[in-house]
**Q** 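Supplied in structure tokens, the structure appears directly below.
FYI, side chains are in, hydrogens and waters are out, and symmetry mates aren't considered; it's all heavy atoms of this structure. In the text below, chain A, chain B and the rest are named by the order of the sequence lines, each starting its count at 1.
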Amino acid sequence: MAPTSTSKISLPCGSRRRRLVLKPTQQGALHALFQQNPYPGIATRERLARELDIPESRIQVWFQNQRTRQLRQSRLGSAKSQGQGPTHGQEQPPSWTQEHFTKDGRRKRTSISPSQTSILLQAFEKNRFPSIATREHLASLTGLPESRIQVWFQNRRARHPGQSRSGPVKDMEAHPKPSPYVTVPVEPGLLARVPGVSSFDTHFFVPHPKGNTSSNMSALA
DNA sequence: CCACTAACCTATTCACCCG
DNA sequence: CGGGTGAATAGGTTAGTGG
């Protein structure tokens with residue numbers, strides 16, 4: 001069935017954006033700037049984006065990941081000589097805080113109109129975890145950048161959990177943690193709201209055929 | 001096969017406006 | 001002041017790249 005589709009495209013998972021492969025020159029530039037300032041403001045990120053020809057959102061993600069990598073390694077390195085932190089006064093004078101605090105720390109707040117909110121809201125009710133294709137479609141529908149849409153969904157999920165109908169009590173999904181993304185069984189009819197999305201987005205994420213052992217540590221009080 | 005890491009996620013906090 | 005919400009942080013998970 002469905003011989004036409006997925007003949008050999010290998011179905012790139014569709015949910016995630018295609019992984020970017022950074023060229024050595026790009027990596028070098030990013031690492032260099034990271035040393036100077038691990039918390040670049042929006043202006044710096046956008047300048048880098050132009051100079052390296054990488055989307056600003058990818059630059060932001062790279063810095064996020066890089067900070068985690070460095071902190072992790074930092075911690076690992078210090079752990080070995082944990083007996084007596086030699087330079088344990090790691091209160092490094094934050095020179096970069098200056099840049100961070102001065103002015104363009106943050107991107108200017110994006111204003112989202114009621115009509116745009118309405119579109120996003122409808123999509124949210126259908127699928128709280130939109131694929132990259134859906135996000136881009138919503139971007140074209142609303143005229144908002146895709147990265148802002150991704151953030152909008154993150155914020156929305158965080159502040160509107162479960163969202164059961166006027167039911168104060170929780171639903172069955174008391175733990176969104178262990179069960180990654182079991183997207184609710186969407187009604188096909190309801191889905192036909194956003195064109196282009198409904199077609200293949202009906203089967204979005206497959207939860208995780210993997211070992212669900214993943215992470216059940218937090219529970220088990 | 002497996003290390004590395006981009007992409008994605010949650011949880012929490014900051015920032016800013018507005019009634 | 002507190003509620004609403006966009007943007008940032010730390011840090012963990014998923015999955016593609018490439019040795």
**Q** Which nucleotide, C:dA8, C:dG11, C:dG6, lies nearest any side-chain atom of A:T68?
**A**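 Looking only at side-chain atoms, A:T68 lies closest to C:dG11.
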**Q** Can you name the one residue among A:R18, A:Q150, A:E146 that meets side-chain contact (heavy atoms from CB on, under 4.5 Å) with A:I132?
**A** A:E146
**Q** Whole angstrom is fine here: how far is it from CZ in A:R72 over to C1' in C:dT13?
**A**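 So the CZ-C1' distance, A:R72 to C:dT13, works out to 11 Å.
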**Q** Once you round it to whole Å, what is the distance between P of B:dA7 and CD of A:E136?
**A** 13 Å
**Q** Roughly, in whole Å, what's the span from CZ in A:F63 to C1' in B:dA7?
**A** 17 Å
**Q** Can you tell me if A:S15 touches the phosphate of B:dC8, counting only side-chain N or O atoms and a distance under 4.0 Å to OP1 or OP2?
**A**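 So the side-chain polar atoms of A:S15 never come under 4.0 Å of the phosphate oxygens OP1 or OP2 of B:dC8.
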**Q** Rounded to whole Å, how long is the line connecting atom CZ of A:R128 with atom C1' of B:dC8?
**A** 16 Å
**Q** Closest approach to the side chain of A:R107, judged atom by atom: which nucleotide of B:dA7, C:dA8, C:dG6 is it?
**A**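 For the A:R107 side chain, the nearest candidate turns out to be C:dA8.
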**Q** I'd like to know if the side chain of A:R67 pairs up with that of A:Q70 as donor and acceptor (distance under 3.5 Å, no hydrogens or angles considered).
**A**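 On atom types as modelled, these side chains do not qualify, holding no pair under 3.5 Å.
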**Q** Please list, chain by chain and in numerical order, all residues satisfying salt bridge (Lys or Arg N to Asp or Glu O under 4.0 Å) with A:R58, sequence neighbours excluded.
**A**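 None.
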**Q** Can you see whether A:S115 engages A:S118 through a side-chain donor-acceptor pair at a distance of less than 3.5 angstrom?
**A** no
**Q** Hey, is the side chain of A:Y39 poking within less than 4.0 Å of OP1 or OP2 on B:dC14, counting only N and O atoms?
**A** no
**Q** For A:Q73 and C:dG11, what is the distance between atoms CD and C1' respectively, to the nearest whole Å?
**A** 16 Å
**Q** Counting side-chain heavy atoms from C-beta on, which of C:dA7, B:dT10, C:dG12 comes nearest to A:R148?
**A**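 Shortest atom-to-atom distance from the side chain points to C:dA7.
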**Q** Please lay out, stage by stage, how A:T44 and A:I59 fare under the test side-chain contact (heavy atoms from CB on, under 4.5 Å).
**A** CA-CA 10 Å; A:T44 304; A:I59 301 230; over 6 Å; no
**Q** Can you tell me which nucleotide in B:dT12, C:dA7, C:dA8 comes closest to the side chain of A:R159?
**A**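 For the A:R159 side chain, the nearest candidate turns out to be C:dA7.
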**Q** Using only side-chain N and O atoms of A:R17, determine if any of them is under 4.0 Å from OP1 or OP2 of B:dC8.
**A**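 Result: yes.
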**Q** C:dA10 phosphate, OP1 or OP2: any side-chain N/O from A:R67 under 4.0 angstrom?
**A** yes
**Q** Below 3.5 Å is the cut-off: list the nitrogen or oxygen pairs between protein and nucleotides 3-5 of chain B, distance only.
**A**
residue, atom, partner, partner atom, Å
B:dT5, O2, A:R19, NH1, 3.1
B:dT5, O2, A:R19, NH2, 3.0

**Q** According to a strict under-4.0 Å criterion, is A:R45 in side-chain N/O contact with OP1 or OP2 of C:dA7?
**A** no
**Q** Please report, rounded to the nearest Å, how far the C1' atom of B:dA7 is from the CD atom of A:E146.
**A**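 From A:E146 CD to B:dA7 C1': 11 Å.
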**Q** Name the closest nucleotide to the A:R106 side chain, picking from C:dG12, B:dC14, B:dC8.
**A**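 Closest nucleotide to the A:R106 side chain: B:dC14.
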**Q** Holding to side chain to side chain contact (heavy atoms under 4.5 Å, CB included), I want the full list of residues that pass it with A:A158, two or more places apart in sequence or in another chain.
**A**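 Side chain to side chain contact (heavy atoms under 4.5 Å, CB included) check on A:A158 returns nothing, list empty.
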**Q** Could you check A:Q154 against A:T117 and say which one's nearest nucleotide on DNA chain C is further toward the 5' end?
**A**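 Its nearest nucleotide being more 5', the pick is A:T117.
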**Q** Expressed as a whole number of angstroms, how long is the span from A:F153:CZ to B:dA7:P?
**A**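 Going from CZ in A:F153 over to P in B:dA7 covers 20 Å.
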**Q** For the residue pair A:F153 and A:F124, does the interplanar ring angle fall in the parallel (under 30°), tilted (30 to 60°) or perpendicular (over 60°) class?
**A**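 Geometry flag for A:F124 against A:F153: tilted rings.
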**Q** If you compare every side-chain N and O of A:Q64 against the phosphate oxygens of C:dT9 (OP1, OP2), does one of them come in below 4.0 Å?
**A**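 Result: no.
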**Q** Please state how far atom CZ in A:F129 lies from atom C1' in B:dC8, giving the value in whole angstrom units.
**A**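 The distance from CZ of A:F129 to C1' of B:dC8 comes to 10 Å, rounded to the nearest Å.
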**Q** If the threshold is 4.0 Å, N to carboxylate O, is there a salt bridge linking A:R47 and A:E51?
**A**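 Yes.
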**Q** OP1, OP2 of B:dA6 versus side-chain N and O of A:R18: anything below 4.0 Å?
**A**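 No, no such contact exists.
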**Q** Mapping A:R135 and A:R109 onto DNA chain B by nearest heavy atom, which one lands closer to the 5' end?
**A**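 In this pair, the answer is A:R135.
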